[in-house]
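Notes for the one structure printed next.
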Amino acid sequence: MRKDSISNYDIWSESFRQWADKDLSMMTILIVVAIIMLLVTAIVLYEIHRSNKAKRDLRDLGWKKFEYNASRLNLSHSNIAALKEIAQEADLQDPDSMIKSPHVFESALEKYYKRKRIESLSSAKLAEIRNLRKVLDFLPLSKEIAYISTRQFSPGEKCIVQIPDTGPATHKGMCQIISSDELRWVIARPQGPEVAAGTWMRMNLTRPGDAEYTFRTQVLRDLNGELVLNHAIQLNRAQQRNWVRIDVSIPVEVTQMYSNGAGDIFFGKIIDMSGGGFGMALPIKLLYGSNLKLSFELPGHGHVDNLLVKVVRVAGQYNNDASKTVHSVAFEGDVRVVQEQIIQYVFEKQRQDSLLRRS
């Protein structure tokens, strides 16, 4: 009898121990999981905080650069206020880029117009924005910068129209831009019948020294032979340009490339610059077709490293200096990012020269 009791007790004790061990084990696992989850949540929250702080710091730096460059351009308080409103409405991370790049300005403005509904903006506000283009030297636009919107067109430019855009044409021929504002633009209609509102038309505008642009737009109304049109932002561009070239003086490190790899490294000077290539004064005379890598500081736009170019012309001495030979080089490969930097630098220098002439 006693043995059975002891046996049952042992069995019960062992079962309790197993249950307790199992329960404690589950509790331990749950605690460990909870701690891990808390740690992961804390890390995620910290990273979000750090990311947001970095974005705020970057935006603050952008606004400081904006204020500095706006003061250099002698922008008025109303100009600056209008630019800030556009940048904030467009959620622009780098507001300074808007006063440097007509493309960034145009893209930000398009977002601004969509959010604010351009038709609801007052004529005074639209006139203020139109004036901003002129103050920033975005109108008329330098031929170094491609059009991306018909808002950038200037009165007097000539175009070719086909009305309607498909099927038999009722109107076809030359036209001229009469006027343009932020909301609408007006052209002289080629000879023919009155054009119904809502008609789609195809247009072709060739900008000497730049490109040929083709696009579609819609007629809002025909006022005695003057067609009032909607603005278009889908422009197809066929490049024809001879690049605008400016004189510079920028030290450059040159690496001559051979078929078996990099070769000699020497130093020279970039003496002129365009969106298609450079003129350089170098201490040696290279062969036509030589492949080079260039590294230099583009003022205000950072450092350019290992830009691939090819020698397309070897000229004479530089400023009657027998120790330096002038070479023309063209870009090689995919250099769109650097090319855009160079185009913006050329544009800014043209704008600075224009401001100096005006002052």
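Owing to the predicted nature of the structure, the values given are computational and were not obtained by experimental measurement. We count residues from 1, following the sequence as given.
Placement of I246 and V309 within a single hydrophobic cluster is found when ILVMFWY residues are connected by side-chain heavy-atom separations under 4.5 Å, directly or transitively. Hydrophobic clustering of Ile, Leu, Val, Met, Phe, Trp and Tyr side chains at less than 4.5 Å, counting indirect connections, unites L141 with V135. Put simply, V326 and L294 are part of two different groups of oily side chains (I, L, V, M, F, W, Y) that touch within less than 4.5 Å, one to the next. Using a 4.5 Å cut-off between side-chain heavy atoms of Ile, Leu, Val, Met, Phe, Trp and Tyr, with links allowed through other members, V254 and L298 fall into the same hydrophobic cluster. Both V248 and V304 belong to a single network of hydrophobic side chains, linked directly or stepwise wherever heavy atoms of I, L, V, M, F, W or Y lie under 4.5 Å apart.
A donor-acceptor pair under 3.5 Å is formed between the side chain of S120 and the backbone N or O of K116. Between the side chain of R336 and the backbone N or O of Q339 there is no donor-acceptor pair closer than 3.5 Å. A donor-acceptor distance shorter than 3.5 angstrom exists from the side chain of D272 to the backbone of G279, with no hydrogens or angles considered. For T150 (side chain) and A232 (main-chain N/O), a donor-acceptor pair under 3.5 Å exists by modelled atom type. Of the possible donor and acceptor atoms, one in the side chain of S122 sits under 3.5 Å from a partner among the backbone N and O of K125. Using a distance-only test at 3.5 Å, with no hydrogens or angles considered, a donor-acceptor pair links the side chain of Q218 to the main chain of G198. Remark: side-chain polar atoms of N79 are not paired, donor with acceptor, to backbone N or O of L75 under 3.5 angstrom. In this structure, the side chain of E226 does not engage the main chain of D222 through any donor-acceptor pair within 3.5 Å.
Residues meeting the side chain to side chain donor-acceptor pair (under 3.5 Å) test with E89, sequence neighbours left out: none. Partners of K269 according to the salt bridge (charged side-chain N to carboxylate O under 4.0 Å, His left out) rule, which considers only residues two or more places apart in sequence or in another chain, do not exist here.
Among Q341, E340, E348, the single residue meeting the side-chain hydrogen bond (donor to acceptor under 3.5 Å, both in side chains) criterion with Q344 is E340. In summary, of the residues considered (L286, L282, I284, V314), a side-chain contact (heavy atoms from CB on, under 4.5 Å) with T325 occurs for V314 alone. Of the residues L136, L92, L109, the one that meets the side-chain contact (heavy atoms from CB on, under 4.5 Å) test with M98 is L92.
The list of salt bridge (charged side-chain N to carboxylate O under 4.0 Å, His left out) pairs with a residue in residues 28-38, not counting sequence neighbours, is empty.
The CG atom of N230 sits 12.0 Å away from atom CZ of R216, with the distance rounded to the nearest 0.5 Å. Considering CG of L205 and CZ of F215, their distance stands at 6.0 Å, rounded to 0.5 Å. Between L308 atom CG and E332 atom CD the span is 7.5 Å, to the nearest 0.5 Å. Residue I160 holds its CD1 atom at 6.0 Å from OG1 of T206, rounded to the nearest 0.5 Å. To the nearest 0.5 Å, atom CG of residue N306 and atom OG of residue S295 are 4.5 Å apart. Residue L183 holds its CG atom at 8.5 Å from CG of L220, rounded to the nearest 0.5 Å.
Taking the ring centroids of F296 and F267, they lie at or beyond the 6.0 Å cut-off.
Annotation: side chain of I36 is in contact with side chain of V40 (closest heavy-atom distance under 4.5 Å). Side-chain contact between I177 and V186 is absent, with no heavy-atom pair separated by less than 4.5 Å. Using a 4.5 Å cut-off on side-chain heavy atoms (C-beta onward), M273 and I342 make contact.
Smallest separation of non-hydrogen atoms from I118 and R151: CD1-NH2, 3.6 Å. Looking at every heavy atom in both residues, D165 comes nearest to M201 through CB-C, 3.8 Å. Closest approach of V104 and S97 over heavy atoms only: CG1-OG, 3.4 Å. Here the closest non-hydrogen pair linking A146 and Y213 is CA-OH, 3.5 Å. Between M280 and V252, the shortest heavy-atom contact is SD-CG1, 4.2 Å. Across every non-hydrogen atom of H171 and P190, the tightest pair is CD2-O, 3.4 Å.
Using the six-membered ring where Trp is involved, Y46 and H49 have ring planes that are tilted, between 30° and 60° apart. Classification of the F331-F278 ring pair by plane angle, with boundaries at 30° and 60°, yields perpendicular. Relative orientation of the Y345 and H301 rings is perpendicular, given thresholds of 30° and 60° on the angle between their planes. Between H231 and W185, the two ring planes are parallel [angle under 30°; tilted spans 30° to 60°].
Within 6.0 Å of CD in Q191 there are 12 or fewer heavy atoms belonging to other residues, nucleotides or ligands. Within a 6.0 Å radius of CZ in R115, other residues, nucleotides and ligands contribute more than 12 heavy atoms. The neighbour count for D91 CG, taken as heavy atoms of other residues, nucleotides or ligands under 6.0 Å away, is above 12. Counting heavy atoms of neighbouring residues, nucleotides and ligands inside a 6.0 Å radius, atom CE of M174 exceeds 12 of them. More than 12 heavy atoms of other residues, nucleotides or ligands sit less than 6.0 Å from atom CZ of F266.
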**Request:** Determine, stepwise, if the pair R72 / E67 fulfils salt bridge (Lys or Arg N to Asp or Glu O under 4.0 Å).
**Result:** CA-CA 9 Å; R72 288 179 62 202; E67 296 282 358; over 6 Å; no
**Item:** Test log, rule side chain to side chain contact (heavy atoms under 4.5 Å, CB included), inputs V329 and L292
**Value:** CA-CA 9 Å; V329 298; L292 311 173; 4.2 Å; yes
**Asked** Hey, mind stepping through I145 and I343 against side chain to side chain contact (heavy atoms under 4.5 Å, CB included) and telling me if it holds?
**Response** CA-CA 7 Å; I145 308 295; I343 288 171; 3.4 Å; yes
**Message:** Apply side chain to side chain contact (heavy atoms under 4.5 Å, CB included) to residues I163 and W200 and explain how you reach the verdict.
**Reply:** CA-CA 7 Å; I163 309 172; W200 282 93; over 6 Å; no
**Prompt:** Could you walk me through whether R189 and V195 pass the side chain to side chain contact (heavy atoms under 4.5 Å, CB included) check?
**Reply:** CA-CA 9 Å; R189 165 172 55 77; V195 180; 3.7 Å; yes
**Message:** Go through it in stages, so that I can follow the logic: the residues are S180 and R130, the test is side-chain hydrogen bond (donor to acceptor under 3.5 Å, both in side chains), and I'd like the CA-CA distance, side-chain angles, deciding distance and then a yes or no.
**Reply:** CA-CA 10 Å; S180 181; R130 195 70 180 174; 3.3 Å; yes
**Request:** Apply side-chain hydrogen bond (donor to acceptor under 3.5 Å, both in side chains) to the pair H303 and D305, showing each step before the final yes or no.
**Result:** CA-CA 6 Å; H303 198 75; D305 275 319; 3.1 Å; yes
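For the pair R237 and Y147, the cation does not sit on the ring face, since its NZ or CZ is not both under 6.0 Å from the ring centre and inside 45° of the axis.
With respect to D96 and K64, no salt bridge is recorded, no charged nitrogen being found less than 4.0 Å from a carboxylate O. One finds no salt bridge joining R133 and E128 here, because no Lys/Arg side-chain nitrogen approaches an Asp/Glu carboxylate oxygen to under 4.0 Å.
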